[in-house]
Structure formats: C-alpha cells, structure tokens
Amino acid sequence: MSENKITLGKTLRDARIAKGFTLDDLQQTTKIQKRYLIAIEDQNFDELPGDFYVRAFIKQYADMVDLDGAELLKQFDSALPSTQTQEYVDKVNENNPETRSQQRKVDDRYVKLRRTIPVIGIVIVVLVVLVGIWVAASHNGSNTKKDNVDSSSVSVSGSSNKSSSSSKSSSTSSKSSSKKAKTPSFKQLSTTTSGSTWEMKNASSKPKVALSASSSAWVAVSVGGATTWQGTLSSATSHTMNIPSSATSVTFKFGNAPATKVKVDGKTFDFTSATATSSATSSSTSDTTTTTTSSSTSATTTSQVQTVTLEFK
C-alpha cells in the first residue's frame with residue numbers, strides 16, 4: 001500500500017475525530033453505510049459498490065468533516081480508481097442534470113405536439129360555430145330593427161344596462177376574491193438543541209419545495225416518516241419536489257444548515273432566522289424565559305446539523 005493511500009485514509013479519520021464525529025454519526029448524516037466508511041478509512045476501495053462511488057463517497061465524507069472534498073480528490077488522484085472506466089462515465093452521464101434535461105425537452109416537445117394537433121382542430125371548429133351564431137344573431141337583429149325601431153331601442157338600452165350591471169358585479173366579485181387571497185406565512189412552534197418545529201399557514205394543496213445551497217450541503221427530506229429524497233447540494237445544483245396533498249408535515253435533515261436555502265410555494269422558509277423564531281414566543285412569557293429561549297434559538301440556528309419539521313395548516 002503506497003504512502004498516498006495511507007495519508008488519504010488517515011487524513012479523513014483524523015478530521016472526523018477532530019470534529020468529534022463517530023462513524024455512526026457520519027452514517028446517519030451522510031446515509032453512507034458504516035462498512036463503506038470503514039473501507040474508505042482503511043483504503044479498501046474494492047469493498048465499495050463501484051469506481052464512481054469511491055470518489056463520490058470520499059468527497060461527501062470530506063465535506064462533512066470540513067475538508068475540501070474536491071481538493072482532496074485532486075491531491076490523492078493517483079491513489080484512487082481511474083475516472084475513465086466505462087462504469088464511471090455511465091454513472092456520471094446518468095447523474096448529469098444537463099443530459100437528463102435535454103432528453104426531457106425532446107420528450108416534452110413530442111408530447112406537446114401530439115396534444116396540440118387535436119386541440120387546434122377543436123379550437124377551429126368552435127370558432128366556426130361561434131362565427132355562425134354571431135352571423136345568425138346579427139341577421140335576426142337587423143330584421144327586428146326594421147320591424148320595430150322603438151322596441152329595438154328599448155331592448156338595446158335594457159341590454160346595455162344589464163351588461164353594465166354585470167360588468168360591475170364581475171369587477172366587485174374579482175376584487176372580493178383578491179382580498180380573500182392569503183399569503184403563506186411561517187411560525188415557529190418549538191425548538192431543541194438539534195432542530196426546531198414550524199407551522200406554515202395558507203400552504204397550497206400540494207406544496208412545492210425548492211432546495212438550494214451556497215456551498216456543499218447534504219439534505220434529506222422525509223414525508224410520513226419515509227425518506228422521499230436525499231442528496232448533496234452545491235452552489236451549482238438545486239432540487240425541487242412536490243409534497244403530496246395527503247401530507248400534514250415534512251421533515252428536513254440538514255448536514256450544513258447555514259448554507260442551505262429552502263423555499264415552499266415560492267416563499268423563503270428562513271428556518272435559521274433568530275428574529276422569526278423569537279417572534280413565535282408568546283408575548284406573555286416572562287423576561288427570563290424569553291432570554292433563555294433566545295439563547296436556545298441562537299444555538300440551534302448556528303448548528304450545522306439540524307432536523308427541522310414543517311407542519312401545514
């Protein structure tokens with residue numbers, strides 16, 4: 001075994017110990033099985049699922065212990081499996097958002113074309129029918145005016161008044177509907193040393209969640225106790241998903257909370273905001289309790305690893 005390989009494993013192990021993490025802690029946070037973490041530290045790369053996962057797991061491990069994963073891979077490149085194997089290339093293409101995006105665009109165009117053709121035909125038929133009705137109505141209106149000018153004038157005047165009343169009623173109804181629309185809002189319900197619980201009012205029937213990060217950050221999303229998505233974000237990647245209408249809450253697990261950004265239905269969910277958290281505290285609580293809560297909130301919002309639950313009301 002070369003000196004480089006020994007140095008790579010020892011570097012990761014020493015960084016983990018310095019951060020106070022156990023292998024179980026890393027397994028829970030990164031979702032990488034413990035036996036793979038041990039294999040990485042012992043340089044037994046053959047025990048990992050494949051060449052692609054060697055570099056992916058090492059980078060994720062390094063990022064979680066505050067090492068520069070990309071720089072570490074570059075430094076010990078000669079000690080790692082080749083990136084030119086067919087397995088590695090296939091896996092990268094599979095996970096490349098641009099490749100998947102281009103394929104989806106082609107598929108979407110084909111589907112849209114198939115859907116558009118019958119719709120255009122229906123629209124043409126409807127237009128022809130409407131034009132025929134309008135021509136018939138105009139012809140009948142002309143005959144009626146010739147027979148009884150006074151009666152037609154009264155009828156036109158009455159129709160005009162009704163149209164004006166209908167327009168006013170429609171305008172009033174539209175204004176009333178716009179006033180009833182409520183803006184989504186977030187409120188903190190409780191906080192602990194490992195995370196917090198929030199409430200979201202006026203959420204849509206299927207809330208849309210958008211995840212992004214300013215730097216490398218691992219995130220897991222659970223609905224109804226089951227993990228629906230997990231992965232590592234960076235400043236160049238993001239992830240969106242819709243929460244099922246039957247769900248009453250969603251739970252986020254953040255490996256690097258300060259660097260992670262969350263939007264729900266297009267509104268920023270600032271789960272690390274001390275101001276938003278403090279405002280959720282009851283105004284009737286004593287000064288001492290408020291001080292204690294603020295201190296606890298500060299500790300929570302600055303913690304890298306957090307578990308945040310958002311309940312929909």
Side-chain angles (χ1 to χ4, degrees), residues 26 28-32 52-53 55-73 88-109 111 183-186 195-196 198 200 202-224 226-245 247 249-273 276 301-312:
L26 284 185
Q28 181 178 3
T29 304
T30 64
K31 302 305 179 183
I32 300 175
F52 172 82
Y53 292 98
R55 293 174 179 269
F57 285 177
I58 289 175
K59 185 178 185 304
Q60 192 171 357
Y61 185 132
D63 291 340
M64 287 306 301
V65 295
D66 289 343
L67 294 178
D68 189 333
E71 182 63 27
L72 195 66
L73 290 176
Y88 188 92
V89 173
D90 292 343
K91 194 65 179 180
V92 170
N93 289 336
E94 177 185 340
N95 292 335
N96 190 337
E98 293 184 0
T99 303
R100 296 199 306 272
S101 176
Q102 291 176 356
Q103 184 60 43
R104 283 198 297 269
K105 287 181 180 179
V106 173
D107 294 340
D108 290 344
R109 288 174 184 171
V111 172
T183 304
S185 62
F186 301 98
S196 56
W198 294 71
M200 179 179 183
N202 307 318
S204 63
S205 59
K206 293 183 178 180
K208 182 179 180 180
V209 175
L211 302 171
S212 60
S214 58
S215 62
S216 181
W218 178 86
V219 182
V221 182
S222 301
V223 177
T227 300
T228 57
W229 182 84
Q230 65 177 359
T232 300
L233 302 173
S234 68
S235 58
T237 61
S238 61
H239 181 75
T240 58
M241 60 186 296
N242 285 94
I243 306 301
S245 57
S249 66
V250 59
T251 299
F252 303 95
K253 291 185 178 180
F254 302 108
N256 188 2
T260 308
K261 298 179 182 179
V262 181
K263 285 189 177 182
V264 184
D265 285 341
K267 186 173 180 63
T268 299
F269 174 29
D270 193 359
F271 59 90
T272 62
S273 172
T301 56
T302 57
S303 176
Q304 278 196 323
V305 180
Q306 288 190 42
T307 300
V308 178
T309 299
L310 180 61
E311 299 178 351
F312 301 112

How many angstroms lie between atom [atom1] of [X] and atom [atom2] of [Y], to the nearest 0.5 angstrom?
| X | Y | atom1 | atom2 | value |
| --- | --- | --- | --- | --- |
| Thr228 | Asn242 | OG1 | CG | 11.0 Å |
| Asn202 | Thr183 | CG | OG1 | 7.5 Å |
| Gln230 | His239 | CD | NE2 | 11.0 Å |
| Thr240 | Lys263 | OG1 | NZ | 12.5 Å |
| Phe271 | Thr307 | CZ | OG1 | 11.0 Å |
| Lys59 | Asp68 | NZ | CG | 7.5 Å |

Heavy-atom pair of closest approach, residues [X] and [Y]:
| X | Y | value |
| --- | --- | --- |
| Val305 | Gly255 | CG2-O, 4.0 Å |
| Ala62 | Leu72 | CB-CD2, 3.9 Å |
| Met200 | Pro184 | CE-CB, 3.6 Å |
| Trp218 | Gln60 | CD1-NE2, 3.2 Å |
| Ser249 | Val223 | O-CG1, 4.1 Å |

Near Lys31 NZ, under 6.0 Å, is it more than 12 heavy atoms from other residues, nucleotides or ligands?
->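 More than 12 heavy atoms, drawn from other residues, nucleotides or ligands, come within 6.0 Å of this atom.
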
Just do the side chain to side chain contact (heavy atoms under 4.5 Å, CB included) check on Thr260 and Gln306 with the steps written out, would you?
-> CA-CA 11 Å; Thr260 308; Gln306 288 190 42; over 6 Å; no

Heavy-atom side-chain proximity of [X] to [Y] below 4.5 angstrom:
| X | Y | result |
| --- | --- | --- |
| Phe186 | Asp270 | no |
| Ser216 | Thr232 | yes |
| Ser215 | Asn256 | yes |
| Val250 | Phe312 | yes |

Just by modelled atom types, is the Ala203 backbone N or O under 3.5 Å from a matching donor or acceptor in the Asp265 side chain?
->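 No.
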
